[in-house]
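Since the structure comes first, as structure tokens, the remarks are kept for the end.
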There are 2 protein chains.
Amino acid sequence: MSERPRRVTRQQQAITAALQGRDDFRSAQELHAQLRSGGATIGLATVYRTLQALADEGLIDMLRTEGGESLYRACSRGHHHHLVCRTCGRTVEVEADDAERWAIRTATAYGFTDVEHTLEIFGRCASCSGSGG
Amino acid sequence: MSERPRRVTRQQQAITAALQGRDDFRSAQELHAQLRSGGATIGLATVYRTLQALADEGLIDMLRTEGGESLYRACSRGHHHHLVCRTCGRTVEVEADDAERWAIRTATAYGFTDVEHTLEIFGRCASCSGSGG
DNA sequence: GCATCAACTGAGAATGATTCTCATGTTCGT
DNA sequence: ACGAACATGAGAATCATTCTCAGTTGATGC
């Protein structure tokens with residue numbers, strides 16, 4: 001349960017910087033491509049490792065698309081959830097205190113411990129609602 | 001938006017029967033292995049196709065594990081969510097009317113339409129809490 | 001019962017994201 | 001600067017899922 005010491009490397013700084021620069025979710029693959037095209041020398045494995053480690057420590061935010069792909073984003077506050085536009089990918093951070101409490105209460109009621117939950121809302125945002133149907 | 005006509009084949013019946021027989025979630029791979037070891041002649045692709053088609057029509061229930069694997073189960077009622085034990089895999093169906101309403105309300109408040117959501121709760125059930133920690 | 005045709009099937013290849021391997025490169029403590 | 005442990009990265013390996021396409025089978029008409 002204790003976090004291991006982590007060395008400060010050029011690659012990790014590059015990843016962190018790339019995340020800080022923007023506020024949209026990106027996959028490890030995208031991030032890797034962007035870093036490479038930005039001149040950085042970094043391997044895909046390192047991007048995956050670093051993103052997972054950061055997400056693990058709660059330093060960045062992660063969500064999984066319906067296609068099973070993991071997306072990452074620089075994340076601010078503690079625990080929250082996302083409203084994702086399935087057309088343009090825009091995301092809105094939402095706080096889900098109620099839903100959260102409900103999840104924990106429900107799980108506890110059934111005798112479950114060590115409870116975690118995933119909650120993502122997918123839809124079409126106002127800008128994209130007009131187009132395809 | 002209209003469901004295509006579907007022929008009644010031996011394979012689909014086998015899959016449906018296998019699902020009806022039990023009440024736990026299984027992956028397409030597991031289901032395939034079970035059908036094969038049960039003497040059925042069925043291909044993996046068919047299992048995947050059929051499960052997806054059934055889930056698509058809402059005839060069976062599907063959830064995605066944290067590892068990104070899709071699990072299926074014969075499903076009764078309409079929309080609901082699951083409480084999954086991460087140790088023994090036991091699942092409890094829970095109704096999440098409140099959480100549901102919250103999700104829709106929140107999404108609508110942000111101008112989103114065509115809203116869907118995923119909500120899974122993972123934890124350790126009472127039977128498994130005693131063991132490993 | 002038999003022919004016909006389109007939908008269904010299935011073995012294996014293809015795909016695509018993620019993880020693993022392990023030799024090499026870096027960081028950190030001294 | 002030195003050494004040792006940790007990090008890196010190119011590419012292979014893994015693993016679930018999807019695709020391909022020729023052969024099979026169910027539904028239908030006669």
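- Checking side-chain atoms of His81(B) against main-chain N and O of Val94(B) turns up no donor-acceptor pair under 3.5 Å.
- Cluster membership for Val84(A) and Val92(A), using ILVMFWY side-chain heavy atoms within less than 4.5 angstrom, is not shared.
- Separating the OH atom of Tyr72(A) from the P atom of dA17(C) is a distance of 13 Å, rounded to the nearest angstrom.
- Looking at Gln29(A) and Tyr48(A), their side chains do bring a donor and an acceptor atom within 3.5 Å of each other.
- Taking atom CD of Gln11(A) as the reference point, atom P of dA7(D) lies 11 Å away to the nearest angstrom.
- Rounded to an integer number of Å, the gap from Glu69(B) CD to dT18(D) P is 12 Å.
- Asp56(B) has its CG atom 15 Å from the P atom of dT17(D), to the nearest Å.
- Thr50(A) places no side-chain N or O within donor-acceptor distance of the main-chain N or O of Val47(A), the cut-off being under 3.5 Å.
- A donor-acceptor pair is defined here as one N or O able to donate and one able to accept, closer than 3.5 Å; such a pair exists between the side chain of Glu30(B) and the backbone of Ser27(B).
- The main-chain N or O of Ile42(B) is found under 3.5 Å from a side-chain atom of Arg36(B) such that the two form a donor-acceptor pair.
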- Base, backbone or nothing for each nucleotide of nucleotides 21-30 of chain C, written B, S, -, heavy atoms under 4.0 angstrom, 5' to 3'? -----BBS--
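- Per the geometry, CZ belonging to Arg64(A) stands 14 Å off C1' belonging to dG16(C), to the nearest Å.
- Among the heavy atoms of the strands lying under 4.0 Å from Ser70(B) are primed sugar atoms or P, OP1, OP2 only; no base atom is included.
- Contact of the Gln34(B) side chain with the Leu31(B) side chain is registered, since non-hydrogen atoms from C-beta on lie closer than 4.5 Å.
- Rounded to an integer number of Å, the gap from OH of Tyr48(B) to C1' of dG12(C) is 14 Å.
- Using a 4.0 Å cutoff on non-hydrogen atoms, no part of residues 32-43 of chain A comes near DNA chain C.
- What separates CG of Leu44(B) from P of dA14(C) is a distance of 17 Å, to the nearest Å.
- Contact between the side-chain N/O atoms of Gln52(B) and the OP1/OP2 oxygens of dT17(D) is not found at any separation under 4.0 Å.
- Between Glu93(A) and Arg73(A) there is a salt bridge, with a side-chain nitrogen of the basic residue lying less than 4.0 Å from a carboxylate oxygen of the acidic one.
- Side-chain heavy atoms closer than 4.5 Å link hydrophobic residues (I, L, V, M, F, W, Y) into clusters, and following such links, even through other members, never connects Phe25(A) to Leu44(A).
- Between the CD atom of Gln12(B) and the C1' atom of dT25(D) there is a distance of 12 Å, rounded to whole Å.
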